Amino acid sequence: MARLSREFYLGDTVEIAQALLGKYLVRWLDGEMLAGRITETEAYVGRCDKACHAYNYRRTPRTSTLFAPPGTAYVYLIYGIYHCLNFVTEPEGEPAAVLLRSVEVVSGLEAACRLRYGKGWASLTPAQRRNLTNGPGKVCKALDLTTAQNRLDLTGDTLFLCDSLADIGLAEPPHEPERLCTGPRIGVDYAEEAKDFPWRFWLEKEQ
């Protein structure tokens, strides 16, 4: 199956965060393919960004993954409850990554629903369907991603990204017209001037 190469993750993190919108995250789990179309991301750049875990090149056991080669998965736990998946970017030694905030599930929907809510799609309320994978912790729960996947190679076979559904043998459905939106990141009010960086990107249906 075709997938994004390591070179894709080597460039500017803010540009990569935008380029990832509309691409697909694929997770193989117990022989089943779960996949989601990426609809929201955030960029974090350690050399200048006080919202980044590795701001000013701060290296700890947790942040060491941010210094790994581009195309590495950085998965961490927040509030002792939720996991967040990031894609390490830029050359090895430059701590930077893109946080995955939201996807639309396109394959393995029943499995994702059961992982997230413990029941199938038909049993979900309208609110549960809307909120299935519209947040970083929700995505990780629906795809069974935990710190066990931290440092996973995103060019491997277990977890990877690709340009289109055709790359994973699925038909591409028609998409409604969308526009790229940008704004400040969420939950980084502590980050002084960096809290206002317009480094959150998302796709919005055109009216």
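If you're wondering where the values come from, they're calculated on a predicted model, not measured in any experiment.
Looking only at side-chain heavy atoms (C-beta outward), Ile38 and Phe201 stay at 4.5 Å or farther from each other. Residues Thr39 and Asn134 have side chains not in contact (no heavy-atom distance under 4.5 Å, counting atoms from C-beta outward). Counting only heavy atoms from C-beta outward, the side chains of Leu10 and Thr89 never approach each other to under 4.5 Å. Looking at heavy atoms from C-beta onward, Pro95 lies in side-chain contact with Tyr57 at the 4.5 angstrom threshold.
Side chains of Tyr44 and Glu42: a donor on one and an acceptor on the other come within 3.5 Å. Side-chain polar atoms of Arg151 and Thr72 form no donor-acceptor pair below 3.5 angstrom.
Checked by atom type and distance alone, the side chain of Thr60 pairs as donor or acceptor with a backbone atom of Thr63 at under 3.5 Å. Proximity of a side-chain donor or acceptor of Asp12 to a complementary backbone N or O of Val14 within less than 3.5 Å is detected. A side-chain donor-acceptor contact under 3.5 Å links Asn150 to the backbone of Val75. A donor-acceptor pair is defined here as one N or O able to donate and one able to accept, closer than 3.5 Å; such a pair exists between the side chain of Thr133 and the backbone of Val103. Using modelled atom types, no side-chain atom of Asp49 and backbone atom of Gly46 make a donor-acceptor pair closer than 3.5 Å. For Arg27 (side chain) and Leu143 (main-chain N/O), a donor-acceptor pair under 3.5 Å exists by modelled atom type. Between the side chain of Gln149 and the main chain of Thr146, a donor-acceptor pair closer than 3.5 Å is present. Of the possible donor and acceptor atoms, one in the side chain of Glu172 sits under 3.5 Å from a partner among the backbone N and O of Leu165.
In summary, the aromatic rings of Tyr76 and His53 are positioned with their centroids under 6.0 Å apart.
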Verdict with reasoning, Thr155 to Arg6, per side-chain hydrogen bond (donor to acceptor under 3.5 Å, both in side chains): CA-CA 7 Å; Thr155 66; Arg6 197 170 307 284; 3.2 Å; yes
Set out, in order, the CA-CA distance, both residues' side-chain angles and the distance that settles salt bridge (charged side-chain N to carboxylate O under 4.0 Å, His left out) for Arg114 and Glu32, then state yes or no. CA-CA 13 Å; Arg114 294 191 181 281; Glu32 181 172 7; over 6 Å; no
Determine, stepwise, if the pair Leu21 / Leu180 fulfils side chain to side chain contact (heavy atoms under 4.5 Å, CB included). CA-CA 9 Å; Leu21 295 175; Leu180 171 65; 3.1 Å; yes
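Within the model, atoms CG of Leu34 and CG of Leu109 stand 9.0 Å from one another, a figure rounded to the nearest 0.5 Å. Considering SG of Cys140 and OH of Tyr82, their distance stands at 12.5 Å, rounded to 0.5 Å. Taking CG from Asp167 and CZ from Phe160, the interatomic distance works out to 8.5 Å, rounded to the nearest 0.5 Å.
Between Asp144 and Arg116 there is no salt bridge, since no side-chain nitrogen of the basic residue lies less than 4.0 Å from a carboxylate oxygen of the acidic one. At a threshold of 4.0 Å, the pair Glu206-Arg179 does not count as salt-bridged, since none of the basic side-chain nitrogens sits closer than that to a carboxylate oxygen. Taking the charged nitrogens against the carboxylate oxygens, Glu104 and Lys205 do have a contact shorter than 4.0 Å, which makes a salt bridge. Classification of Asp163 and Arg3 as a salt-bridged pair fails, no side-chain N sitting under 4.0 Å from a carboxylate O. Using a cutoff of 4.0 Å between basic side-chain nitrogens and carboxylate oxygens, Lys195 and Asp189 are not scored as salt-bridged.
Summarising the geometry of Trp121 relative to Glu110, their closest heavy-atom pair is CB-OE2, 3.2 Å, with the distance given to 0.1 Å. A pairwise comparison of heavy atoms in Gly22 and Leu203 identifies N-CD1, 3.8 Å as the closest pair.
Partners of Glu40 by salt bridge (Lys or Arg N to Asp or Glu O under 4.0 Å), not counting sequence neighbours, listed by chain and number: Arg101, Arg200.
The cationic group of Arg185 does not satisfy the cation-pi geometry with Phe197, failing either the under 6.0 Å distance to the six-membered ring centre or the 45° limit from the ring axis.
Of the candidates Val45, Thr13, Leu66, Leu66 is the only one forming a side-chain contact (heavy atoms from CB on, under 4.5 Å) with Cys52.
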